[in-house]
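Throughout, a chain's letter reflects where its sequence line sits, starting with A, and its residues are numbered from 1.
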2 protein chains.
Amino acid sequence: MPRIKDAVPIIQKGLSEKKAIIVIGECSVDYVGRASSKLKLGDRIVIIKRDSSILVHRPRDYSPVNWQPPGCLFEIQSLNDFLSIKAVHKKSKETVNISFKRVYTLLVLDIFDTGEFTLYASEEDMQRCILSHPDIIESGLKVISYEKKIEPGFVDVYCLDSLNRLVVVEIKRRIAGIDAVMQLEKYLEAVRKYSNREVRGVLAAPGISRSVQKSLVALNIEFKPLSPKKCAELLRKTSESKSLEKYIT
Amino acid sequence: MPRIKDAVPIIQKGLSEKKAIIVIGECSVDYVGRASSKLKLGDRIVIIKRDSSILVHRPRDYSPVNWQPPGCLFEIQSLNDFLSIKAVHKKSKETVNISFKRVYTLLVLDIFDTGEFTLYASEEDMQRCILSHPDIIESGLKVISYEKKIEPGFVDVYCLDSLNRLVVVEIKRRIAGIDAVMQLEKYLEAVRKYSNREVRGVLAAPGISRSVQKSLVALNIEFKPLSPKKCAELLRKTSESKSLEKYIT
DNA sequence: GTTTCCATTTCGTCA
DNA sequence: TGACGAAGTGGAAAC
């Protein structure tokens with residue numbers, strides 16, 4: 001249990017050497033920026049990372065109660081027997097002020113991490129899957145383009161079906177809600193304005209909420225069940241490259 | 001620098017006593033669940049919280065590289081001189097598997113936090129501000145209701161203007177993008193179906209993106225500049241209670 | 001830098 | 001429990 005006075009120079013030295021720092025103790029936190037907040041006294045875990053971001057974690061919950069993104073300037077000082085850690089984010093004009101009444105643990109960490117991180121079964125995987133295997137949506141489908149800019153946004157996948165009708169495919173990696181339908185409808189309206197061809201809307205997702213089913217019928221949008229994990233598996237089996245360009249026709 | 005063999009019982013005891021645990025060391029992480037991921041060897045900070053959530057933090061970045069929400073079961077063991085921490089979330093069928101090659105620091109924390117947290121200048125504050133001072137939007141505006149259920153969702157604030165026209169107000173605490181306009185347009189369409197009265201749409205936000213301005217004109221939606229901080233200030237000055245009920249007429 | 005949209009989003013709320 | 005929308009959302013990609 002380091003004393004407040006001793007903690008100040010240790011933290012300052014750690015910061016100047018761009019090390020990661022963990023402070024655990026009883027503190028209160030004030031935040032002013034886009035919004036503002038006040039957090040009364042309690043035990044927290046404060047992490048200052050090497051990119052000058054800062055997190056204040058409570059003993060519960062996934063998300064930090066206070067934080068600042070990378071790019072902070074820090075002021076460390078002892079004020080009336082309290083350890084004050086002030087993180088100022090100049091760019092976004094935000095400030096987090098932490099005031100420690102007691103410090104239980106202070107760690108200065110010399111840690112490095114260059115380990116590669118790979119995520120599978122993202123929406124992008126679903127898109128790649130459809131681009132390389134358009135039959136998964138519908139037999140005879142031909143991809144024209146993807147991420148095509150249409151008036152206010154991007155169409156996920158843009159196709160022609162076996163009867164030469166335009167098909168706009170909207171992909172969601174989760175149960176699709178009303179927002180997904182609205183997004184697709186927006187694109188459909190835009191495409192119909194540009195083209196006299198018949199235009200179909202297809203929502204590809206692992207599921208749809210019940211209330212959305214009605215909207216689908218009303219708007220004549222089709223639903224195609226498609227799971228992100230199945231897509232990722234299929235991609236793995238067929239060893240598709242990460243590059244998408246080759247699928248454009 | 002504790003040895004792997006020593007770490008296992010210490011962590012197990014900490015878990016059984018529902019303490020918070022921090023493990024810092026060189027590890028790799030595998031995740032399987034809604035999606036899946038692989039993270040190669042590197043130094044990380046692992047936090048197991050008292051609600052049985054777990055976070056894996058790299059020395060950079062705001063967000064954890066891997067995590068699990070509250071409600072995990074943990075398996076701690078030593079495997080071939082590696083410390084294995086397996087977090088299984090039964091409910092969501094997700095698993096995070098952490099394999100430590102080396103442990104630099106191991107902390108078992110007896111920390112408690114009941115400190116009250118208050119956030120100011122949220123969208124709810126903006127809504128309260130409009131409800132108690134509807135003139136801030138427009139002189140002569142009368143609030144009919146708020147969070148009113150309209151077919152597919154909830155209208156933020158629902159009013160009558162001085163000419164007895166219906167006014168649907170959509171509130172955003174940030175620069176409003178295309179999604180905000182879409183949402184408002186959705187409500188406008190629904191309200192116009194239900195009522196023969198003239199219906200106006202007002203977007204109250206601190207700003208709008210340039211491309212959205214065009215949509216506003218096309219859809220005949222009005223924009224009212226309104227900052228969340230100004231709203232919070234006004235509420236503070238007039239000491240409005242948190243209760244909203246009294247504003248319904 | 002602005003805009004758009006995904007995210008293992010998380011979180012809260014309400015029916 | 002499902003559904004819907006906010007969040008101090010964060011993060012990335014495109015332009």
Side-chain angles (χ1 to χ4, degrees), chain A residues 31-37 53 55 61-70 89 91-96 119-127 147-156 170-183 186 207-213 228-229 232, chain B residues 31-37 53 56 61-70 89 91-96 117 119-127 147 149-156 170-180 182-183 186-187 207-213 228-229 232:
Chain A
Y31 154 70
V32 178
R34 289 164 290 181
S36 59
S37 70
S53 59
L55 306 171
D61 307 330
Y62 161 86
S63 40
V65 63
N66 283 112
W67 71 92
Q68 254 336 266
H89 204 268
K91 203 176 153 70
S92 54
K93 290 176 189 163
E94 299 210 305
T95 304
V96 169
L119 181 72
Y120 308 92
S122 63
E123 189 181 294
E124 194 188 337
D125 281 341
M126 295 177 73
Q127 192 185 51
E147 295 298 328
K148 184 180 177 59
K149 180 106 176 79
I150 296 285
E151 169 47 4
F154 297 85
V155 168
D156 282 340
E170 174 69 29
I171 307 168
K172 287 291 161 200
R173 76 171 308 287
R174 308 199 299 175
I175 306 289
I178 191 80
D179 53 332
V181 176
M182 300 272 307
Q183 208 174 333
K186 177 186 70 177
I208 47 172
S209 62
R210 188 167 299 267
S211 61
V212 163
Q213 282 181 331
K229 295 179 92 171
Chain B
Y31 155 69
V32 178
R34 289 163 289 182
S36 60
S37 70
S53 58
V56 181
D61 306 331
Y62 161 86
S63 39
V65 62
N66 284 112
W67 71 91
Q68 258 330 270
H89 204 267
K91 202 175 155 69
S92 54
K93 290 174 189 162
E94 299 209 305
T95 303
V96 169
F117 178 73
L119 181 72
Y120 308 92
S122 64
E123 187 182 296
E124 194 188 336
D125 281 342
M126 295 177 72
Q127 191 185 49
E147 296 298 326
K149 180 102 175 80
I150 295 287
E151 172 44 9
F154 296 85
V155 168
D156 283 341
E170 175 69 29
I171 306 168
K172 289 291 163 199
R173 74 171 309 288
R174 309 201 293 179
I175 304 289
I178 191 79
D179 54 333
M182 300 262 307
Q183 210 173 330
K186 177 185 70 177
Y187 294 133
I208 47 172
S209 59
R210 190 170 300 268
S211 61
V212 163
Q213 282 180 332
K229 296 180 91 171

Heavy atoms only, 4.0 Å cut-off, all strands: where does A:Lys93 land among base, sugar-phosphate and nothing?
nothing
Whole-Å gap separating P (C:dT8) and CE (A:Met126):
14 Å
With a 4.0 Å cut-off on heavy atoms, is B:Ser122 in touch with a base, just the backbone sugar-phosphate, or nothing at all?
sugar-phosphate
Can you tell me the distance, in whole Å, between the NZ atom of A:Lys172 and the C1' atom of C:dC5?
7 Å
Nucleotide forming a Watson-Crick or wobble pair with C:dT8, both distances under 3.5 Å:
none
Please state whether the base of C:dT4 and the side chain of B:Asp179 form at least one donor-acceptor pair under 3.5 Å?
no
Specify the closest pair of heavy atoms between A:Val32 and A:Ser36, including all atoms of both residues, with the distance to one decimal.
CA-CB, 4.1 Å
Kindly compute the distance separating CZ (B:Arg210) from CD1 (B:Ile175), expressed to the nearest 0.5 Å.
11.5 Å
Phosphate OP1/OP2 of C:dA7 contacted by B:Tyr62 side-chain N/O (<4.0 Å)
no
Heavy-atom closest pair, residues B:Tyr31 and B:Asn66
CB-ND2, 3.4 Å
Rounding to the closest angstrom, what is the interatomic distance between C:dC11 and D:dG11 at atom P?
16 Å
For B:Gln127 and D:dG5, is the shortest distance between a side-chain N/O and OP1 or OP2 below 4.0 Å?
no
A:Arg34 atom CZ is separated from D:dA7 atom C1', nearest whole Å, by 9 Å
Would you check if B:Tyr31 stacks with the base of C:dT8, given a 5.5 Å centroid limit and a 30° plane limit, both strict?
yes
Atom-pair distance (CG on A:Leu55; C1' on D:dT9), nearest Å
14 Å
Closest non-hydrogen contact found for A:Pro228 with A:Ala121 is CB-O, 3.5 Å
Heavy atoms under 4.0 Å, any strand shown: does B:Ile178 hit a base, just sugar-phosphate, or nothing?
sugar-phosphate
Candidates C:dT3, C:dC11, C:dT8 - which lies nearest the side chain of A:Ser63:
C:dC11
Measuring only the P atom in each nucleotide, how far is C:dC6 from D:dA6? A whole number of Å is fine.
16 Å
For A:Arg174, answer base if it contacts any base atom (sugar-phosphate contacts may also be present), sugar-phosphate if it contacts only those atoms, and nothing otherwise; contact means non-hydrogen atoms under 4.0 Å.
base
Does A:Glu170 use its side chain to pair, donor to acceptor, with the backbone of A:Val181 at less than 3.5 Å?
no
Once hydrogens and angles are ignored, does a donor-acceptor distance under 3.5 Å link the base of D:dG5 to the side chain of B:Glu123?
no
Rounded to whole Å, please give me the gap between CG in A:Asp156 and P in D:dA13.
16 Å
When all nucleic acid strands are considered with a 4.0 Å heavy-atom cut-off, which category describes B:Val96: base, sugar-phosphate, or nothing?
nothing
Looking at C:dT3, C:dC6, D:dG8, which one has an atom nearest to any side-chain atom of B:Ser209?
C:dT3
Considering just the side-chain nitrogens and oxygens of B:Ser92, establish if one lies under 4.0 Å of OP1 or OP2 belonging to C:dT8.
no
Over all strands shown, is A:Lys229 touching base, sugar-phosphate only, or nothing at heavy-atom distances under 4.0 angstrom?
nothing
Base of D:dG8 and ring of A:Trp67 stacked, centres under 5.5 Å, planes under 30°:
yes
Calculate the interatomic distance between A:Ile175 atom CD1 and D:dA3 atom C1'; express it in whole Å.
11 Å
Nearest-nucleotide comparison on DNA chain C, the residue closer to the 5′ end among A:Lys91 and B:Pro70:
A:Lys91
Using whole Å, what does the distance between atom P of nucleotide D:dG5 and atom CD of B:Glu124 come to?
17 Å
Tell me whether the side-chain N/O atoms of A:Lys186 come closer than 4.0 Å to OP1 or OP2 in C:dT4.
no
Across the strands shown, which category fits B:Glu94 at heavy-atom distances under 4.0 angstrom: base, sugar-phosphate, nothing?
base
Could you tell me whether B:Glu170 contacts a base, only the sugar-phosphate backbone, or nothing, with contacts defined as non-hydrogen atoms closer than 4.0 Å?
sugar-phosphate
Which pair of heavy atoms, one from A:Asp125 and one from A:Ala232, lies closest together, and at what distance?
OD2-CB, 4.4 Å
With heavy atoms under 4.0 Å as the rule, sort B:Arg210 into base, sugar-phosphate or nothing.
sugar-phosphate
For C:dC5 versus C:dT9, give the span between their C1' atoms, rounded off to a whole number of Å.
12 Å
Residue pair A:Gly177/A:Ser37 against DNA chain D: nearer the 5' end by closest nucleotide is A:Gly177
Are any of the side-chain heavy atoms of B:Pro69 and A:Tyr62 separated by less than 4.5 Å?
no
Shortest side-chain distance from B:Arg173, nucleotide among D:dA3, C:dT8, D:dA7
D:dA7
Grab the CD-C1' distance between A:Gln183 and D:dC4 for me, whole Å please.
15 Å
Could you tell me how far C:dA7 sits from D:dG5 if I compare only their C1' atoms? Round to whole Å.
15 Å
Considering only heavy atoms from C-beta outward, does the side chain of A:Ser53 approach that of A:Trp67 to under 4.5 Å?
no
Donor/acceptor link under 3.5 angstrom from B:Asp61 side chain onto base of D:dG10:
no
